[in-house]
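Notes follow once the structure below has been shown.
Keep in mind that this is a model prediction, so the values were computed, not measured. Residue numbers begin at 1 in each chain, while the letters A, B, ... track the order of the sequences.
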Amino acid sequence: MAQPQADFAVELRDVVKQFGDVAAVDHVSMAIRQKEFFSMLGPSGCGKTTCLRMIAGFEQPTKGDLRINGLSMGNVPAFQRNVNTVFQSYALFPHLTVAQNVGFGLEMKRVATDEIKRRVKEALELVRLPQLADRHPKQMSGGQQQRVALARALVNRPQVLLLDEPLGALDLKLRKEMQIELKNLQTQVGITFIYVTHDQEEALTMSDRICVMSRGKALQIGSPLEIYERPNCRFVADFIGETNFLDGKVMRIDGEFAEIEVAGRKFVGRVGEGARVGDNATMSIRPEKMLLVDKPTPGALNTYETRVASIAYVGSDTRVIVRLGDIQLDVWEQNSQSTLDPSYFFKPGEAAWLTFKPENALVIKD
Amino acid sequence: MSTQNPSTRLFGLMFPGAFWLIVFFFLPITLILGISFMTKGGSGSPEFPLTVENYSRVFGEEYLTLFGRSLWISLLSTILTVIIAFPVTIWIVRLPKKWRDLAVFLVMIPFWTNFLLRTYALRFMLLNEGPVMRAINGVWVDSLGFEDPIELLFTQFSVMLGLVYGNLPFMILPLYASLEKFDWTLLEAASDLGANVMNSFMRVMLPLTAPGVIAGSILVFVPAIGNYVTVELMGGGKSQMIGRTIAQQFSTANHWPFGAALSLMMMIVVTAAALIYFRVGRGEKVR
Ligand SMILES: Nc1ncnc2c1ncn2[C@@H]1O[C@H](COP(=O)(O)OP(=O)(O)OP(=O)(O)O)[C@@H](O)[C@H]1O
Ligand SMILES: [Mg+2]
């Protein structure tokens, strides 16, 4: 498929999809690069599947422009788009064997029989199932069916592969294995993957970029690092990983940093997008980015005496909940020492000094 | 109980079924078989001596042609029924739940009305003296200026219409049972893989609903071959089918032995046709 490549494999420009009164997708714009592993991440019902279905051609946008490889898709029907889908339910044809399933797309394109045979074999080797070519889908495990669905899509060498929670039905262990396999496969075949998931860990480990969605809107698009370290709104900070929120008012902005007052206490953090002096804002500080110490460093910012409410030892770290006045904070202390000495750990009721660096906290506009 | 030997037990188990088969199937068939080798008596009732003359008539050109024609008309009506039933059933299955139940109910309503009555009603619709055709011909002749009024009743068309109309529910219901279980994402998968509407239907939907199509076809085809009410009322003598001929042998022509011979032939032909069809249908599915 030697086509001239546009800058973007898929582009959504201000796309809206309305179902009756509900806007399932609400003015979404995103540009997915060639050969990128792009994830759409968000809670149930946020419009991920609807986006994917519009790209595949199963739904038409109510408004906006959708482009594949630079070409506006307007009324191009699904069967003429150079994209393939791996369905969440796999949607394998139950009356056909694995080989016939995988060869279906090539047959529709009237590829010569010999070549179909060869490419089906290749595709099944790629997903490591060559020995099962003559089975029917019902005679296979979920993981195997998932691979067949993958082979059936990849064999067509589409420009873009759409995957709708393809690992959703698998158990945790198989899921982890398949995550690595999928990622390797994507690098190997060099196809743009658009991957839908509501599992943030999955999105973080596999993606080049992630689009976090909520209620039909694309809130933030960025690399896993950007999404985790620089969330642009409260929802993203909350949805990706764990975090503490300190709600207050922005008092001062000084270059990259902002001071926020929370219940009479002052905290300093990086200033996030759009935060202005006088705004209500929240400070997001992740539990692993705070430190509990016995004695404060004199003059250090963001240092307060707290009381330990509870601790939980989870092996790699110890999860401490501390109280600062009415505020409760989660703090994860890494267990960097191998010790059996109980005095190494804080105990409930003890005083502890909480401290964190301003560059590790983020002040987000509400 | 425990002293009963296995063969008595087996006999006990088989008795009701066997009794049924013997009394209601083998006995009548044997009777028909016997009659088919007898001679027509003066009053029409069969008499001796035995003869094979009835069969030589059955295998004569006239009746073989009639068989061929009947098979062809039944086949055509079955195909038309499938073609009409498919979109209708798809439409029903895709309706929201409460409307779907209502639609299925409406399909079944004709079963509660006498078949003869329904056929008469249809006939009345096509009758040139009836209100429907009078209105149509009013436009046709008076407004459009055609000389001859349209005549629909007592034509090949009216017989076909009667057969398709009468048999449609027998196709829709089994098809509905098959389509209800059909996973519609498979059609999306097919179109995702580059199949147009025709290919999606032929390669995915049809093979997966084949059991319903086969069952429906048998239910439609077999009665169509033997049908004489529709042929009589809608064809009015202009369209002859084997079922009507047989009925005439037992009534107006008063030739029971020949009617019996024709009946047996028809049974053999229908059974053979059904068997072949099952074979082909099953072959299609496995591929
Ligand atoms: N065909 C439809 N008709 C009406 N509403 C729909 C239809 N498809 C989706 N919706 C609605 O649009 C919204 C988005 O649905 P969508 O399936 O895209 O969510 P999702 O992000 O994929 O969720 P999940 O993680 O549960 O799969 C939901 O509120 C859903 O109820
Ligand atoms: Mg979904």
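- Residues satisfying the salt bridge (charged side-chain N to carboxylate O under 4.0 Å, His left out) criterion with A:Arg135, sequence neighbours excluded, are absent altogether.
- Side-chain contact check for B:Ser217 and B:Tyr277: at least one donor-acceptor pair (N or O, by modelled atom type) lies under 3.5 Å.
- Of the atoms belonging to A:Leu92, it is backbone heavy atoms, and not side-chain ones, that fall under 4.5 Å from chain B.
- The pair A:Arg13-A:Glu11 meets the salt-bridge criterion, with a side-chain N (NZ, NE, NH1 or NH2) lying under 4.0 Å from an Asp/Glu carboxylate O.
- Residues of residues 53-68 of chain A that come within less than 4.5 angstrom of chain B, heavy atom to heavy atom, are A:Arg53, A:Ala56, A:Phe58 in numerical order.
- Contact tally against chain A (heavy-atom pairs below 4.5 Å) for B:Asp183, B:Asn196, B:Asn199, B:Thr185: the top residue is B:Asn196.
- If you measure heavy-atom distances from A:Thr97 to chain B, you find no contacts under 4.5 Å at all.
- Aromatic pair A:Phe38/A:Tyr195: ring centres not closer than 6.0 Å.
- Between A:Ala91 and B:Ala189, the shortest heavy-atom distance links the atoms O-CB, 3.8 Å.
- Using a 4.5 Å cut-off between heavy atoms, B:Leu208 touches chain A through its side chain atoms alone.
- In summary, the aromatic rings of B:Trp184 and A:Phe87 are positioned with their centroids too far apart to meet the 6.0 Å limit.
- At distances below 3.5 Å, not a single donor-acceptor pair connects side-chain atoms of A:Thr192 with backbone N or O atoms of A:Ala9.
- A salt bridge is absent between A:Arg118 and A:Asp114; no separation between the charged side-chain nitrogens and carboxylate oxygens falls under 4.0 Å.
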